[in-house]
2 protein chains.
Amino acid sequence: MHLTREAKKKKTKKAILAAAVELFSINGFEKTSISQLAKTAGVGKGTVYSYFKTKQDLLLAFCEDELEYIHEQLNTRTNQDAPVFEQLVTVFMAEFEYVTRNPEFGRLYMQEIVFPKKLLAEKHKEGENKFFEMIFPILLKGQERGEIRQEFELLHLCGHFFAIYLLLLHAWYSDFIATSEAEAALRTLFTQAFVGLQPSTATTHHAEAQS
Amino acid sequence: MHLTREAKKKKTKKAILAAAVELFSINGFEKTSISQLAKTAGVGKGTVYSYFKTKQDLLLAFCEDELEYIHEQLNTRTNQDAPVFEQLVTVFMAEFEYVTRNPEFGRLYMQEIVFPKKLLAEKHKEGENKFFEMIFPILLKGQERGEIRQEFELLHLCGHFFAIYLLLLHAWYSDFIATSEAEAALRTLFTQAFVGLQPSTATTHHAEAQS
DNA sequence: GGTAAAAGTCGACCGTGGTCATTTTTAACA
DNA sequence: TGTTAAAAATGACCACGGTCGACTTTTACC
């Protein structure tokens, strides 16, 4: 048999991940030791490290699994005909709620995603692309519909919104805003971004955009 | 003598910080052990921990010292009469260059500042305020001069720019942009923010801002 | 100075994350 | 089935970050 081996590996990996979810949820990330986790998963300590390079990797793997699920759900649920503004609020709030539901996981995940070790940057680009893939089509449609200026590149637009999302999370983690205030804050920031910071009469002498 | 005691403590603290700077610079943060550091500083291991709660705290303390210096320099050097746009570019690029000069320190610093442990959030608000204090007066003057819309709250404006700054660093740490491209990217994002994402003819049906 | 309490220092000690030589399991072939 | 080489699992082991009670120095008061 050729499949049995691979199948077993998958099963072991799942067992380790399951143990991780269980123990991290109960005791938190830092208070869970790898040996304890290995025992729960029914494997040796070394085995854990042959599936995950690092304790953090284990957490990130779990987070990414969960996020993928959230993203799929979002893709099927968002109303493609609503205004861009509203679609973005929906998407961002879903992400926000997921990340902040378990602050400890979310924090470690975002720390690694936003400011990755340079060597691992490549790996995370992929993960972030998931996020960009979500809002990319929304913004594209927005440009087609004339809700968003067409002279800006889509990538830069995505970046702009990602920036606002980062700020939202930062504000929450720093206790500047409570969970209940998040949506209002997001809308305020979006409004600023849409309308623009300068008065509409101003001369845009600095508007030489870059690729 | 009453001062001797305090003076001695300061001296010890400086010695520890100095050892940290030296060893971190040579071997990096993770490869420097506390016992090694303690030996270099000429104190016991426990003493290090009576001055700094954690190994990370040690690094953050160092970073904050350095940042303070940068901020002072900036306050005296920026041209208060230049357009807001240009002043902001100057300030942000200075910060950017400092943070990315030593990627490892900058990374750990930003990780902790942007997504702090909830319990320590209070402590870091202070640190961030330094940043806001830098751009607050610039934006205020911008509003007075009519370069920036007056219907937005200054705090939200600061937030908007901080968001862009975070994105810039993120893009750099993720290898999306190189050091040499940073300023151009920053200008592009600023332009987007100033001009606004929606066409100037669009109806702003969503413009109910929040406090 | 003598002395007792408070402040500061110390390094042996603990549990941890991570490694690696060794052992066990699997797959392939005669 | 028996043999063997590769793949996978293992846990003793290591260096580290951080703790703690024992120890030394400083202070304040007589």
Side-chain angles (χ1 to χ4, degrees), chain A residues 1-24 26-62 104-105 108-109 111-112 117 119-120, chain B residues 1-24 26-62 104-105 108-109 111-112 117 119-120:
Chain A
M1 271 141 257
H2 196 64
L3 289 175
T4 311
R5 198 182 196 128
E6 285 297 308
K8 212 169 204 173
K9 284 190 76 174
K10 285 267 180 249
K11 209 173 130 192
T12 307
K13 194 165 185 177
K14 284 278 181 233
I16 294 171
L17 263 173
V21 173
E22 181 187 335
L23 295 180
F24 288 170
I26 296 172
N27 310 323
F29 179 69
E30 314 220 311
K31 301 221 161 184
T32 302
S33 77
I34 294 290
S35 12
Q36 181 190 6
L37 193 151
K39 200 176 288 174
T40 302
V43 300
K45 194 172 163 179
T47 306
V48 174
Y49 280 97
S50 80
Y51 285 90
F52 300 93
K53 257 182 81 68
T54 247
K55 195 186 179 190
Q56 259 211 42
D57 267 18
L58 193 45
L59 179 65
L60 296 186
F62 160 65
E104 195 189 13
F105 295 177
L108 292 167
Y109 179 71
Q111 284 191 342
E112 196 55 38
K117 289 208 180 85
L119 295 171
L120 307 177
Chain B
M1 272 145 253
H2 194 67
L3 289 175
T4 311
R5 193 180 202 132
E6 286 295 308
K8 213 170 203 171
K9 285 190 75 175
K10 286 268 178 249
K11 208 172 129 192
T12 307
K13 195 166 185 176
K14 285 277 179 231
I16 294 171
L17 263 173
V21 172
E22 181 188 335
L23 295 180
F24 288 170
I26 296 171
N27 309 323
F29 178 69
E30 315 219 311
K31 301 220 161 186
T32 302
S33 76
I34 294 291
S35 12
Q36 183 190 4
L37 193 151
K39 201 176 288 174
T40 302
V43 301
K45 194 170 163 180
T47 305
V48 173
Y49 280 96
S50 79
Y51 284 91
F52 301 93
K53 256 183 83 66
T54 248
K55 196 186 179 190
Q56 262 213 40
D57 267 18
L58 192 46
L59 180 63
L60 296 187
F62 161 64
E104 194 188 13
F105 296 177
L108 292 166
Y109 179 71
Q111 283 191 342
E112 195 55 38
K117 289 208 179 86
L119 295 172
L120 307 177

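The figures here come from the full heavy-atom set of this structure, side chains too, leaving out hydrogens, waters and symmetry mates. Protein chains get the first letters and strands the later ones, always in sequence-line order, with residue 1 at the start of each.
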Under 3.5 Å, N/O pairs linking protein and nucleotides 21-24 of chain C:
none

What's touching nucleotides 21-23 of chain D from the protein side, N or O pairs under 3.5 Å?
none

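Residues Glu112(B) and Gln111(A) come closest through the heavy atom pair OE1-NE2, 4.1 Å. Considering every non-hydrogen atom in both Ala41(A) and Ala15(A), the closest pair reads CB-O, 3.8 Å. Nearest approach of Leu58(B) to Ile16(B), heavy atoms of both residues: CD1-CG2, 4.0 Å.
In this structure, Leu59(B) CG and Tyr109(B) OH are separated by 10.0 Å, a value rounded to the nearest 0.5 Å. Rounding to the nearest 0.5 Å places CG of Asn27(B) at 9.0 Å from CD of Glu22(B).
In this structure, Lys11(B) atom NZ and dG8(C) atom C1' are separated by 15 Å, rounded to whole Å. Rounded to an integer number of Å, the gap from NZ of Lys45(B) to P of dT9(C) is 17 Å.
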Distance-only donor-acceptor hits, side chain of residues 30-40 of chain A, under 3.5 Å, sequence neighbours excluded:
from	atom 1	to	atom 2	distance (Å)
Thr32(A)	OG1	Leu23(A)	O	3.4
Thr32(A)	OG1	Gly28(A)	O	2.7
Ser33(A)	OG	Gln36(A)	N	3.2
Gln36(A)	OE1	Ser33(A)	N	3.2
Thr40(A)	OG1	Gln36(A)	O	3.0

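Listed by residue number, the members of residues 47-62 of chain A with any heavy atom below 4.0 angstrom from DNA chain D are Thr47(A), Tyr51(A). Near DNA chain D, meaning a heavy atom under 4.0 Å away, the residues from residues 29-43 of chain B are Thr32(B), Ser33(B), Ile34(B).
Residue pairs meeting the ring pair (Phe, Tyr, Trp, His ring centres under 6.0 Å) criterion with at least one partner in residues 28-61 of chain A, sequence neighbours excluded, are Phe24(A)-Phe29(A).
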